[in-house]
Amino acid sequence: MGKGGSLSDNVLKKIILSYTYVAIWIFLSFTVIVYNKFILDKKMYDWPFPISLTMIHMGFCASLAFLLIRVFKLVEPVSMSRDLYLSSVVPIGALYSLSLWLSNSAYIYLSVSFIQMLKALMPVAVYSIGVLLKKEGFKTETMVNMLSISFGVAIAAYGEAKFDAWGVALQLGAVAFEATRLVLIQILLTSKGISLNPITSLYYVAPCCFVFLLVPWIFVEFPILKATSSFNFDYVIFGTNSFCAFALNLAVFLLVGKTSALTMNVAGVVKDWLLIAFSWSVIKDTVTPVNLFGYGLAFIGVAYYNHSKLQALKAKEAQKKAAQADEETGKLLEEREIDGLGKKNESDD
């Protein structure tokens, strides 16, 4: 009875912790998205400078990561050669900076709810780029699923009350760059056995992003900011916003490391629906029935894709365990044969 009670307590503790990690990630992701919208939207805080905002985030995250790794030595740095940094981290950083720049820019033109609907295209982009770069194999069934997701998003876009072509182009560009970054991480880093946690990732990637963003910032936003002499930097607004962005990176690592990919996907769906509800009820964005119908179709396609990927991972893991079991059995039989031969030689003597 005691052991059963102890086991139940452990299971209950794990469930509570998992839900806690999910709640933290949803809260921080929700907060960062709404906070960015608040800062960039002309009807709210009215500071429409997405490059500047992204650079503030990257500068803040890089500084904190440097302090945690180099000054306080709370996190072990990952050894990385200059060649590896230039060939792997730099292109990943360039794509990340473009993705963040375009996604933040989209908040100026599109509603939070519609942006979440467009983000449903991420699996389509990841799979398509994976096939192009020969990281994924082409499967007719998967491609049909990708087309169903795209069809659902197209319906959601058709039903959008405040459709803005430029905003859609920005968000689709952000999805494309982010998908390419995710595929390149697998090709350039994971395949080489390099694993970066959020702190080390920010330590290497954030400064790179900052430098890449500096070039367009000088020509696009700096002249406008310079002319706007009345602007005073609000340390509370931008400080808390940047800290939330940094905390979100840690929450992602916590959620993926302590739970599972399935939990992450389910949490993402819950977050999207919460944002759509918040956008409609609090920000007063218009969400039409056609919007919801299209997103519902896309959601079903994304859920099926995630389920298929999870089943494939389970099958791969099962094959790996079976191969290990066969190898161990082979070694055991070999040891028994050697032992039997030894005993036979002893009896012959």
Side-chain angles (χ1 to χ4, degrees), residues 21 23-42 44-72 74-75 77 89 92-108 112 115 119 170-171 174 177-178 181 196-218 220-222 224-226 228 231-256 271 275 278 283:
Y21 298 141
I24 290 170
W25 179 79
I26 289 176
F27 173 75
L28 287 170
S29 182
F30 183 98
T31 302
V32 169
I33 289 169
V34 173
Y35 212 157
N36 286 351
K37 173 68 173 176
F38 168 75
I39 290 172
L40 295 165
D41 198 300
K42 294 177 181 178
M44 298 182 194
Y45 189 74
D46 191 20
W47 199 70
F49 301 104
I51 305 176
S52 301
L53 183 64
T54 310
M55 286 177 67
I56 291 168
H57 288 172
M58 291 297 102
F60 184 87
C61 290
S63 301
L64 267 186
F66 179 83
L67 289 172
L68 291 171
I69 292 174
R70 294 297 180 187
V71 179
F72 299 112
L74 296 174
V75 180
V89 176
I92 289 170
L95 290 167
Y96 193 36
S97 62
L98 287 168
S99 172
L100 291 172
W101 171 14
L102 296 184
S103 63
N104 282 335
S105 298
Y107 287 115
I108 300 172
V112 170
I115 285 173
K119 284 181 180 179
L170 288 170
Q171 185 56 47
F177 285 124
E178 178 62 9
R181 183 183 77 90
L196 299 176
N197 63 46
I199 304 298
T200 52
S201 177
L202 289 172
Y203 177 76
Y204 288 111
V205 175
C208 184
C209 289
F210 188 91
V211 172
F212 274 111
L213 291 167
L214 189 62
V215 178
W217 178 77
I218 290 171
V220 178
E221 292 184 2
F222 177 66
I224 303 171
L225 285 166
K226 191 177 179 181
T228 314
F231 173 73
N232 292 315
F233 189 85
D234 193 325
Y235 289 95
V236 175
I237 291 288
F238 293 104
T240 52
N241 179 248
S242 299
F243 184 79
C244 286
F246 179 81
L248 179 59
N249 281 279
L250 300 184
V252 170
F253 176 68
L254 199 65
L255 186 62
V256 175
K271 179 207 72 177
L275 280 165
F278 180 86
I283 303 177

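Between Phe238 and Phe60, the distance from one ring center to the other does not fall under 6.0 angstrom. Side-chain rings of Phe212 and Phe210 stay apart, their centers remaining 6.0 Å or farther from each other.
Counting only distance, with no hydrogens or angles, the side chain of Glu221 and the backbone of Ile51 share a donor-acceptor pair below 3.5 Å. Looking only at distances, no side-chain donor or acceptor of Ser29 sits under 3.5 Å from a matching main-chain atom of Trp25. At least one donor-acceptor pair closer than 3.5 Å links the side chain of Tyr35 to the backbone N or O of Ile237. Formation of a donor-acceptor pair under 3.5 Å by the Ser242 side chain with backbone atoms of Gly239 is not found in this model. Judged purely by atom type and a 3.5 angstrom limit, Ser99 has no side-chain atom pairing as donor or acceptor with the backbone of Leu95. Thr200 places no side-chain N or O within donor-acceptor distance of the main-chain N or O of Leu196, the cut-off being under 3.5 Å.
Inter-residue side-chain proximity for Phe246 and Leu202 is flagged as met; some heavy-atom pair is nearer than 4.5 Å. The shortest distance between side-chain heavy atoms of Tyr107 and Pro48 does not fall below 4.5 Å. With contacts defined as side-chain heavy-atom distances shorter than 4.5 Å, the pair Met58/Leu100 qualifies. No side-chain heavy atom of Ile199 sits under 4.5 Å from any side-chain heavy atom of Leu74. Contact of the Leu40 side chain with the Phe49 side chain is not registered, since no non-hydrogen atoms from C-beta on lie closer than 4.5 Å. Counting heavy atoms from C-beta outward, Thr54 and Ser97 have side chains that stay 4.5 Å or more apart. The closest side-chain heavy-atom distance from Phe66 to Pro207 is not below 4.5 Å.
For the residue pair Pro50 and Ile108, the shortest heavy atom distance occurs at CD-CD1, 3.9 Å. Of all heavy-atom pairs between Thr31 and Cys244, the closest is CG2-SG, 3.9 Å.
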Test side chain to side chain contact (heavy atoms under 4.5 Å, CB included) applied to Phe278 and Phe30, step by step: CA-CA 10 Å; Phe278 180 86; Phe30 183 98; 3.4 Å; yes

Walk me through whether Met44 and Ile283 qualify under side chain to side chain contact (heavy atoms under 4.5 Å, CB included). CA-CA 10 Å; Met44 298 182 194; Ile283 303 177; 3.5 Å; yes

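The number of heavy-atom neighbours closer than 6.0 Å to CZ of Phe27, taken from other residues, nucleotides and ligands shown, is 12 or below.
The closest side-chain donor-acceptor pair between Asn241 and His57 falls under 3.5 angstrom.
At a threshold of 4.0 Å, the pair Asp41-Lys37 counts as salt-bridged, since one of the basic side-chain nitrogens sits closer than that to a carboxylate oxygen.
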